[in-house]
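Read the structure below first, then the notes.
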Amino acid sequence: QVQLVESGGGLVRAGDSLRLSCAASGRTFTRYAIGWFRQAPGREREFVAAISRSGGSSYYADSVKGRFTISRDNAKNTVNLQMNSLKPEDTAVYYCAAREGIVLTTEGASYDYWGQGTQVTVSS
């Protein structure tokens with residue numbers, strides 16, 4: 001089992017940057033692929049990015065490709081999401097999630113553990 005805690009959200013202006021962090025508990029962090037998802041008010045949860053257990057592979061939603069970068073530090077049990085060139089449409093609650101295994105997937109239902117979320121608000 002793994003517990004996830006997100007941090008780093010806040011209120012920024014369009015064009016600014018933010019770095020979200022996902023801290024995981026437990027000694028088995030390297031068993032899990034990690035994904036970031038987001039949910040805006042009145043909208044369904046959507047996939048943002050995912051990273052493999054080793055950090056060697058990553059995958060992004062088209063809407064954030066080239067602007068967001070996911071990375072992980074297995075020695076520190078953390079996964080970061082660097083978000084650059086933020087847009088108002090990036091406003092949402094951002095969640096990190098863990099999925100045991102090697103497959104990267106965009107399907108939220110495939111992830112076993114979720115954090116509580118962190119709010120990101122981008123003003124125009």
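All residue numbers refer to positions in the sequence shown, counting from 1.
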Does S57 form a side chain to side chain contact (heavy atoms under 4.5 Å, CB included) with L104? I'd like the steps, not just the answer. CA-CA 8 Å; S57 298; L104 293 184; 4.1 Å; yes
Trace of the side chain to side chain contact (heavy atoms under 4.5 Å, CB included) decision for S63 with R38: CA-CA 12 Å; S63 59; R38 66 187 182 186; 3.5 Å; yes
Evaluate side chain to side chain contact (heavy atoms under 4.5 Å, CB included) for V122 paired with K87, printing each intermediate quantity in order. CA-CA 6 Å; V122 184; K87 304 176 181 179; 5.5 Å; no
Report the C-alpha separation of M83 and R67 in whole Å, then their side-chain angles, then the decisive distance to 0.1 Å, and conclude whether the side chain to side chain contact (heavy atoms under 4.5 Å, CB included) test is met. CA-CA 6 Å; M83 307 187 297; R67 299 189 297 123; over 6 Å; no
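Both F29 and Y113 are part of a single hydrophobic cluster, where members link through side-chain heavy atoms under 4.5 Å apart. Linking ILVMFWY side-chain heavy atoms closer than 4.5 Å, directly or via other members, places Y95 and V2 in two distinct hydrophobic clusters. In the hydrophobic clustering of ILVMFWY residues, with side-chain heavy atoms under 4.5 Å counting as a link, F37 and L81 come out apart. Under the 4.5 Å side-chain heavy-atom criterion for ILVMFWY residues, no single connected hydrophobic cluster contains both L20 and F47. No single ILVMFWY cluster, assembled from side-chain heavy atoms under 4.5 Å apart, contains both V12 and V93.
Side-chain atoms of Q39 do not come within 3.5 Å of backbone N or O of A92 as any donor-acceptor pair. Side chain of Q3 to main chain of S25: no donor-acceptor pair is present (N/O by atom type, distance under 3.5 Å, no hydrogens or angles).
Considering Y94, Y60, F68 as possible partners of W36, the one that fulfils the side-chain contact (heavy atoms from CB on, under 4.5 Å) test is Y94.
For the residue pair P88 and S124, the shortest heavy atom distance occurs at CG-CB, 3.8 Å. Considering all non-hydrogen atoms of both residues, L18 and L86 come closest at N-CD1, 3.9 Å. Closest of all the heavy-atom pairs between S17 and S85 is OG-N, 4.3 Å. Contact detail for Y111 and A33: the closest heavy-atom pair is CE2-O, 4.3 Å. Shown here for A24 and L4, the closest heavy-atom pair between the two residues is CB-CD2, 3.7 Å. The two atoms that bring D112 and E100 nearest to each other are OD2-N, 3.5 Å, heavy atoms only.
Annotation for E89: atom CD counts as buried by contact number, over 12 foreign heavy atoms lying within 6.0 Å. Counting non-hydrogen atoms of neighbouring residues, nucleotides and ligands closer than 6.0 angstrom, the OH atom of Y59 reaches no more than 12 such neighbours.
Here the straight-line distance linking atom CZ of R99 with atom OG of S52 works out to 12.5 Å at 0.5 Å rounding. Once rounded to the nearest 0.5 Å, the distance linking OG1 of T121 with CG of D90 reads 11.0 Å. We find the SG-CG distance between C96 and N80 to be 10.5 Å, quoted to the nearest 0.5 Å. Here the SG-CZ distance, from C22 to R72, works out to 9.5 Å after rounding to the nearest 0.5 Å.
A side-chain donor-acceptor contact under 3.5 Å links N84 and Q82.
Note on D62 versus K65: salt bridge recorded, some NZ/NE/NH1/NH2 to OD/OE distance being below 4.0 Å.
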